Asker: 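Before I ask anything, let me first share the structure, which is written out below as structure tokens.
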Protein chains: 4
Amino acid sequence: MGKREDITDATLDLIDELGLQSVTIAQILKKAKVGSGTLFNYFRTKDELVHEVYRLARNKMGYSLLEGYDSTASLYERFTSLHRNRIRFGMKYRKEFLFSDSYSFSPYIPPELRNMDESGEIQEIMSVLSEGQKQGLIRDMDAKLCHQITYGIVASVLKGYYIQKYELDEKREKETLEACWKAIKL
Amino acid sequence: MGKREDITDATLDLIDELGLQSVTIAQILKKAKVGSGTLFNYFRTKDELVHEVYRLARNKMGYSLLEGYDSTASLYERFTSLHRNRIRFGMKYRKEFLFSDSYSFSPYIPPELRNMDESGEIQEIMSVLSEGQKQGLIRDMDAKLCHQITYGIVASVLKGYYIQKYELDEKREKETLEACWKAIKL
Amino acid sequence: MGKREDITDATLDLIDELGLQSVTIAQILKKAKVGSGTLFNYFRTKDELVHEVYRLARNKMGYSLLEGYDSTASLYERFTSLHRNRIRFGMKYRKEFLFSDSYSFSPYIPPELRNMDESGEIQEIMSVLSEGQKQGLIRDMDAKLCHQITYGIVASVLKGYYIQKYELDEKREKETLEACWKAIKL
Amino acid sequence: MGKREDITDATLDLIDELGLQSVTIAQILKKAKVGSGTLFNYFRTKDELVHEVYRLARNKMGYSLLEGYDSTASLYERFTSLHRNRIRFGMKYRKEFLFSDSYSFSPYIPPELRNMDESGEIQEIMSVLSEGQKQGLIRDMDAKLCHQITYGIVASVLKGYYIQKYELDEKREKETLEACWKAIKL
DNA sequence: GATGAATGAGTCTTCATTCAT
DNA sequence: TATGAATGAAGACTCATTCAT
């Protein structure tokens with residue numbers, strides 16, 4: 001098994017357990033069962049390692065969002081598919097979702113990472129929104145505001161789930177998706 | 001002016017500028033123009049200081065939410081008043097809002113702080129929601145889910161504003177408040 | 001006694017024992033009986049500490065060179081006085097002389113340090129040389145070359161003494177001083 | 001071309017550029033285009049490599065000193081030939097000269113290396129000096145002191161040249177050689 | 001109450017060296 | 001013989017905290 005992957009895995013685990021800024025190299029080394037020299041062979045600095053972990057998480061999420069995506073389906077179905085995928089991704093990959101969400105607002109993150117869209121999922125979301133507005137289905141407001149609203153719902157609902165405010169069963173998933181749609185529809 | 005306040009003010013400023021974990025005691029001392037002995041007279045540890053800063057920010061937000069609150073107004077008006085107050089608080093007190101939002105999800109925070117409700121604003125929000133459900137205005141779902149949805153919208157819209165995705169003018173404020181309502185209404 | 005002085009003293013001792021580049025902070029801390037925090041309160045980096053040690057050594061030597069200097073004496077006497085002082089300084093303060101000599105040729109040294117002349121001793125030497133040339137006592141060659149020649153003799157003789165090639169008694173001191181003069185006189 | 005030579009060449013280059021203690025094995029490997037395993041096949045430790053580089057430099061200088069040496073020439077000519085060769089060697093092979101000069105005073109160097117005289121050049125110099133004293137040409141002082149004086153002049157003049165205090169043209173070379181002779185002659 | 005010099009455990013990072021291929 | 005991934009001891013430096021004044 002690759003040492004490189006051992007390292008990024010251990011790092012994400014620890015970020016999840018302790019919070020990004022509390023994670024020390026020493027902890028990573030212990031968890032990944034790797035010498036410090038090894039780590040710094042793969043990543044020049046701690047920052048570079050963190051950025052890579054972020055990239056991996058964001059990529060994983062990006063591809064998940066587009067899973068089973070049918071670009072010929074109705075607009076509502078495309079909208080819901082994207083958001084359902086995000087919820088399910090968040091439920092399955094808590095660590096990736098939480099780190100991605102929190103780090104993208106941290107002051108450290110380099111701009112090119114913050115706006116990364118390697119799998120094109122953001123573009124897809126934005127084009128669904130603007131197409132929906134053209135079709136008169138979605139309220140005619142700043143597309144970025146739209147996105148921020150629906151993303152905010154999903155992220156917040158997931159966070160409530162993470163701190164065990166409730167179960168996120170099929171019923172609540174459905175309610176959340178409908179809230180997303182209703183929040184911005186005309 | 002009180003040294004104690006100098007210290008908490010300086011701390012919040014620095015958290016906003018640099019991110020919680022980057023702030024050092026030395027920086028706080030310099031900004032607050034206080035000796036280290038003084039700081040540790042008021043706060044036994046750095047954690048205790050951070051918790052106090054959190055408490056102050058949460059309290060400030062709590063009282064703001066209830067500003068001009070008319071408990072005899074219509075349910076929709078009460079709902080909107082609370083959420084409008086949160087948006088405006090967030091616009092005016094970015095540092096307090098952001099720190100409060102991010103810290104309440106951090107792994108460090110002691111449970112009793114996470115759920116603090118000194119001014120009773122959370123209770124008020126929850127009772128508006130459940131009353132709305134009784135009146136058949138709000139969809140009959142887990143009240144905590146409801147709260148998570150509307151809080152998520154406001155927080156996310158504010159974060160988009162903070163990173164200057166858009167201006168948060170009256171129009172967008174109105175759109176956001178309507179999104180909050182529509183997301184959960186029957 | 002001042003911690004600051006404890007630190008610079010320990011540093012110079014260790015440089016003498018081990019060579020500049022082998023000296024570690026840990027060794028200095030141990031010898032100076034000081035915590036690492038203390039050291040870095042006084043000197044921001046190891047380099048800054050080394051530069052200060054160099055400055056102190058150079059200054060000490062500079063003032064020693066001018067000890068008992070009579071600017072009204074004959075040119076030969078002034079010349080010899082300066083060089084005798086350097087030899088005696090080197091014998092008494094081996095550590096200072098050796099470090100000063102070797103560090104001034106190191107690639108690390110910042111230019112303003114290399115050419116430092118706080119006590120004006122270099123200026124005095126150079127003016128003795130050029131005056132001697134005007135008086136027809138000293139061979140008419142590049143003054144810097146002159147200085148390099150006489151300095152080279154003194155430094156090299158001292159180094160031979162340090163590695164115990166010979167005793168540096170009065171006779172040899174006299175021979176060395178005469179060599180300095182004869183090497184450049186007309 | 002031999003790997004072994006690639007390694008020692010790269011090492012000397014780097015010592016000259018960066019100073020002995022700053023040179024890392026990694027830099028040597030890169031410059032010599034060699035794997036670390038290879039280097040440690042040829043040299044058991046870094047020290048062993050450095051010592052070998054020193055030996056090579058000293059040897060090169062030793063043979064150069066004796067180039068064109070005519071043991072039947074007059075004493076003054078033999079003396080001047082040896083010193084002229086050293087100056088010219090220093091001008092042509094700065095890296096070798098500087099490393100040889102500085103390393104021979106470093107605390108690291110093993111005694112047997114410091115006094116090495118593989119090509120017999122030191123013996124030759126010393127015998128010129130003592131013969132000169134017997135002939136009444138050179139002042140009757142400790143032969144080691146004599147050597148130290150003339151070596152000191154050459155080394156110091158070269159160092160001034162290296163840090164570009166002056167050009168070392170024929171005139172200055174001649175002046176330097178004469179200074180060497182005058183410094184010790186009767 | 002207010003101060004800041006002193007502390008040392010802990011941080012990230014480097015680098016000579018090994019060893020399986 | 002040649003390689004380079006892996007190692008971990010050791011390096012410079014940081015920072016929350018203490019305590020004598």
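Below, read A as the first sequence line, B as the second, and so on, with proteins coming before strands; counting in each chain starts at 1. Just so you know, these numbers come straight off a predicted model, no measurement behind them.
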Asker: Looking only at the aromatic ring of each residue, does the gap between the centers of D:Y93 and D:F97 stay below 6.0 angstrom?
Answerer: no
Asker: Given atom CG of B:L14 and atom C1' of F:dC15, what is their separation to the nearest angstrom?
Answerer: 15 Å
Asker: Applying the side chain to side chain donor-acceptor pair (under 3.5 Å) criterion to A:K95, which one of A:D16, A:D13, A:D9 satisfies it?
Answerer: A:D13
Asker: Might you work through the side-chain contact (heavy atoms from CB on, under 4.5 Å) test for A:L14 and A:E17, ending with a clear yes or no?
Answerer: CA-CA 5 Å; A:L14 286 165; A:E17 288 168 32; 4.1 Å; yes
Asker: Could you tell me the separation between the CZ atom of B:F43 and the C1' atom of F:dC15, rounded to a whole number of Å?
Answerer: 19 Å
Asker: Reading DNA chain E from 5' onward, which residue's closest nucleotide shows up sooner: A:K46 or D:R44?
Answerer: A:K46
Asker: Could you work out which one of E:dC12, F:dA16, E:dT17 sits closest to the side chain of B:F40?
Answerer: F:dA16
Asker: In Å and rounded to the nearest 0.5 Å, what is the OH to CG distance from D:Y103 to D:D101?
Answerer: 14.0 Å
Asker: Look at D:Y42 and F:dA2 and indicate whether a side-chain polar atom (N or O) is within less than 4.0 Å of OP1 or OP2.
Answerer: yes
Asker: May I have the distance from A:Q27 (atom CD) to E:dA9 (atom P), rounded to whole angstrom?
Answerer: 18 Å
Asker: Of the listed nucleotides (F:dC13, E:dC15, F:dT17), which one gets closest to any side-chain atom of C:S36?
Answerer: F:dC13
Asker: For the pair made of NZ in B:K33 and P in E:dT3, what is the distance, rounded to whole Å?
Answerer: 13 Å
Asker: Closer to the 5' end of DNA chain F via nearest nucleotide, is it C:A26 or D:V34?
Answerer: D:V34
Asker: Side-chain N or O of B:K3 less than 4.0 angstrom from OP1 or OP2 on E:dT3?
Answerer: yes
Asker: Assuming nearest nucleotide by heavy-atom distance, tell me which of C:I25 and A:L39 is located more 5' along DNA chain F.
Answerer: A:L39
Asker: Atom NZ of A:K30 to atom P of F:dT7: distance rounded to whole Å?
Answerer: 16 Å
Asker: For the pair made of CG in D:L18 and P in E:dT14, what is the distance, rounded to whole Å?
Answerer: 16 Å
Asker: A:T45 side chain: which of F:dT17, F:dA12, E:dT13 is closest?
Answerer: E:dT13
Asker: Does a side-chain N or O from A:T38 land closer than 4.0 Å to OP1 or OP2 of F:dA5, or not?
Answerer: no
Asker: Which one is paired to E:dA16, where only Watson-Crick or G-U wobble pairs with both distances under 3.5 angstrom count?
Answerer: F:dT7
Asker: Round to the nearest Å and state the distance from B:I28 atom CD1 to F:dT17 atom C1'.
Answerer: 13 Å
Asker: Check whether any side-chain heavy atom of D:M116 lies under 4.5 Å from a side-chain heavy atom of D:R55, and answer yes or no.
Answerer: yes
Asker: Need to verify one output field. Residue with the more 5' nearest nucleotide on DNA chain E, C:N41 or A:V23?
Answerer: C:N41
Asker: Whole angstroms only, please: what is the CG-P distance between B:L29 and E:dA2?
Answerer: 14 Å
